[in-house]
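Input: a single structure, listed below in structure tokens.
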Amino acid sequence: MRILVTGANGQVGHEVLRALVQAASPSIPLPAEGGGQAHPLWHEGGRREAPLFTPFRRKGVGAKRRGDVETGKSHPPRSPFLRKGEGDLITLATRAGTLADGTPCECLDLADPDGLRHALDRIAPDLIINAAAYTAVDRAEDEPDIAQRVNAEAVGVIGAWAVQHAARVVHYSTDYVFDGSASRPYREADPTHPLGVYGRTKLAGELALRDSGARHLIFRTAWVYAARGHNFLRTMLRLGAEREEVRVVDDQIGAPTPAGLIADVSAHAIARWCVDDPNPLAPIGDTYHLVATGRTSWCGFAQAIFDRAVQAGLLERAPRVTPITTADYPTKAVRPAYS
């Protein structure tokens with residue numbers, strides 16, 4: 001299987017690569033620790049015994065093709081998802097054409113539909129994992145055209161290409177497709193009603209993928225955090241080291257979700273999908289909500305971050321966390337009050 005991962009430098013994209021070829025993330029506690037039953041994704045002890053996909057040689061500059069396997073010299077294994085061997089080929093793509101450590105990879109700009117089509121023709125993936133998106137929620141209000149191209153039109157291009165070449169697509173969407181007026185967890189079939197450009201363009205991307213007829217899985221997620229990238233966790237750790245007091249919104253409710261959890265569940269679902277339903281021509285698609293269990297506010301999440309950061313020695317002391325309302329912290333884009 002030839003797999004293309006877009007947005008490989010992002011929170012989810014980076015973790016997806018780890019999940020495809022390595023054991024489950026050690027940062028994710030088993031559900032059994034909270035009194036529930038262990039998730040079938042993990043074996044006893046909280047780790048997968050083996051990767052879901054066979055080891056691979058990542059496509060690198062100067063590699064030579066032999067059948068469906070890349071051979072020849074590749075870059076040194078500076079990234080944790082690089083393995084020696086031959087088997088599934090995973091191609092990484094970023095907008096800049098380099099990974100975070102400077103390693104070259106495919107250059108893929110979702111805002112360029114012609115370039116996207118040409119790249120897909122060249123890479124010829126059997127599975128496209130689209131972890132790239134325009135995620136600058138507030139800036140999208142001023143840049144609706146670029147947000148539409150990346151979040152919607154590019155997804156339609158990917159879907160159309162997948163149909164023509166019998167490929168599959170895994171795509172990530174967001175809680176912003178809803179307006180946040182619910183009082184119980186959103187279900188997949190609930191009516192959508194985005195409040196801003198980001199949510200509208202992400203919803204348009206979902207519709208474009210469904211309408212393309214491509215075989216697809218759409219995972220809607222929310223409140224994503226990781227040890228890398230721009231996210232609430234890293235922002236709070238920075239502010240906690242700089243300030244005595246941090247004022248945080250307390251009237252927006254959601255479920256903070258580790259990127260590693262999203263990636264592990266995605267890899268598990270992909271493996272089951274490809275084994276249980278091997279016919280690449282059968283039209284099928286579905287949408288799932290993929291977040292952690294539980295609920296809190298941004299304020300509650302911040303307090304938990306500071307408490308654990310002090311325990312782990314990342315902060316000398318926890319700043320005072322002062323709850324505020326959404327009205328006290330106005331933003332250009334409207335956020336869902338309940339996710």
For [Y], does its backbone N or O pair with a side-chain atom of [X] as donor and acceptor, under 3.5 Å?
{"X": "Asp126", "Y": "Met1", "result": "no"}
{"X": "Asp328", "Y": "Thr325", "result": "yes"}
{"X": "Arg243", "Y": "Ala241", "result": "no"}
{"X": "Thr235", "Y": "Asn231", "result": "yes"}
{"X": "Asp286", "Y": "Leu217", "result": "no"}
{"X": "Thr91", "Y": "Leu4", "result": "no"}
{"X": "His216", "Y": "Ala214", "result": "yes"}

Are [Y] and [X] linked, directly or through intermediate hydrophobic residues, by side-chain heavy-atom contacts shorter than 4.5 Å (ILVMFWY only)?
{"X": "Ile90", "Y": "Leu127", "value": "yes"}
{"X": "Ile158", "Y": "Val150", "value": "yes"}
{"X": "Ile253", "Y": "Phe232", "value": "no"}
{"X": "Val155", "Y": "Val169", "value": "yes"}
{"X": "Met236", "Y": "Val310", "value": "yes"}

What's the separation between atom [atom1] in [X] and atom [atom2] in [Y], rounded to the nearest 0.5 Å?
{"X": "Ile270", "Y": "Leu20", "atom1": "CD1", "atom2": "CG", "value": "6.0 Å"}
{"X": "Leu92", "Y": "Thr98", "atom1": "CG", "atom2": "OG1", "value": "11.5 Å"}
{"X": "Asn130", "Y": "Ser173", "atom1": "CG", "atom2": "OG", "value": "10.5 Å"}
{"X": "Leu203", "Y": "Thr174", "atom1": "CG", "atom2": "OG1", "value": "10.5 Å"}
{"X": "Ile3", "Y": "Ile129", "atom1": "CD1", "atom2": "CD1", "value": "5.5 Å"}
{"X": "Ile218", "Y": "Glu188", "atom1": "CD1", "atom2": "CD", "value": "11.0 Å"}

Ring centroid separation His289 to Phe178 under 6.0 Å: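 Aromatic pair counts; centres sit under 6.0 Å.
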Heavy-atom pair of closest approach, residues [X] and [Y]:
{"X": "Val163", "Y": "Gly213", "answer": "CG2-C, 3.4 Å"}
{"X": "His230", "Y": "Gln11", "answer": "O-NE2, 3.7 Å"}
{"X": "Cys299", "Y": "Val321", "answer": "SG-CG1, 3.6 Å"}
{"X": "Ala124", "Y": "Arg2", "answer": "O-NE, 3.4 Å"}
{"X": "Ser212", "Y": "Ala160", "answer": "CB-N, 3.9 Å"}
{"X": "Ala292", "Y": "Pro256", "answer": "CB-O, 3.4 Å"}

Does anything in residues 247-257 pair up under side chain to side chain donor-acceptor pair (under 3.5 Å), and if so which pairs, sequence neighbours excluded?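 Qualifying pairs: Asp250-Ser297, Asp251-Thr326, Gln252-Trp298, Gln252-Thr326.
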Not counting sequence neighbours, list each pair that qualifies as a salt bridge (charged side-chain N to carboxylate O under 4.0 Å, His left out) and has a residue in residues 219-236.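 As it turns out, the salt bridge (charged side-chain N to carboxylate O under 4.0 Å, His left out) pairs with a partner in residues 219-236, which skip direct neighbours, are Glu206-Arg220.
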Give every residue pair that meets the salt bridge (charged side-chain N to carboxylate O under 4.0 Å, His left out) criterion with at least one member in residues 303-317, sequence neighbours excluded.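 Passing the test, one end in residues 303-317: Glu244-Arg317.
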Who pairs with [X] by side chain to side chain contact (heavy atoms under 4.5 Å, CB included), at least two apart in sequence or on another chain?
{"X": "Ala309", "result": "Leu237, Leu314, Leu315"}
{"X": "Leu195", "result": "Asp179, Val334"}
{"X": "Ala208", "result": "none"}
{"X": "Ser339", "result": "Asp175, Trp223, Pro336"}

Could you give me the CA-CA distance, side-chain angles and deciding distance for Thr94 and Leu99, then say whether side chain to side chain contact (heavy atoms under 4.5 Å, CB included) is met? CA-CA 7 Å; Thr94 67; Leu99 300 178; 4.1 Å; yes
Answer yes or no: is there a side-chain heavy-atom contact under 4.5 Å between [X] and [Y]?
{"X": "Ile128", "Y": "Val170", "answer": "no"}
{"X": "Arg18", "Y": "Asp264", "answer": "yes"}
{"X": "Asn151", "Y": "Arg200", "answer": "no"}

Above 12 or not: heavy atoms from other molecules or residues under 6.0 Å from CZ of Arg187?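 Result for CZ/Arg187: open.
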Counting only heavy atoms not in Arg210, do more than 12 sit closer than 6.0 Å to its CZ atom?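 Yes - once you tally the heavy atoms of other residues, nucleotides and ligands closer than 6.0 Å, there are more than 12.
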For Lys332 and Val137: C-alpha separation, side-chain torsions, deciding distance, then whether side chain to side chain contact (heavy atoms under 4.5 Å, CB included) applies. CA-CA 9 Å; Lys332 182 161 290 189; Val137 175; over 6 Å; no
Using the side chain to side chain contact (heavy atoms under 4.5 Å, CB included) rule, take Val246 and Phe306 through it: C-alpha gap first, then chi angles, then the decisive distance, then the call. CA-CA 10 Å; Val246 178; Phe306 293 139; 4.1 Å; yes
Quick one: do Glu153 and Arg149 satisfy salt bridge (Lys or Arg N to Asp or Glu O under 4.0 Å)? Show the steps, please. CA-CA 5 Å; Glu153 295 171 12; Arg149 288 201 301 272; 5.5 Å; no
Flag the pair Arg117 and Asp114 as a salt bridge only when some basic side-chain nitrogen lies within less than 4.0 angstrom of an acidic carboxylate oxygen.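 Yes, this pair counts.
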Show every ring-ring contact (aromatic ring centres under 6.0 Å, His included) that has at least one partner inside [range], sequence neighbours left out.
{"range": "residues 128-164", "value": "Trp161-His165"}
{"range": "residues 316-339", "value": "none"}
{"range": "residues 189-208", "value": "Tyr176-Tyr198"}

Angle class for the Tyr288/Phe219 ring planes (parallel below 30°, perpendicular above 60°, tilted otherwise)?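 Plane angle between 30° and 60°, so tilted.
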Using the salt bridge (Lys or Arg N to Asp or Glu O under 4.0 Å) criterion, which residues pair with Glu245? Sequence neighbours excluded.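 Glu245 satisfies salt bridge (Lys or Arg N to Asp or Glu O under 4.0 Å) with Arg320 only.
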Residues clustered with Val197, ILVMFWY side-chain links under 4.5 angstrom: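 Under the 4.5 Å side-chain rule, Val197 groups with nothing.
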Using the rule given for side chain to side chain contact (heavy atoms under 4.5 Å, CB included), can you reason through Leu290 versus Ser266, listing the C-alpha separation, both sets of side-chain angles and the distance that settles it, and then say yes or no? CA-CA 9 Å; Leu290 173 49; Ser266 297; 4.3 Å; yes
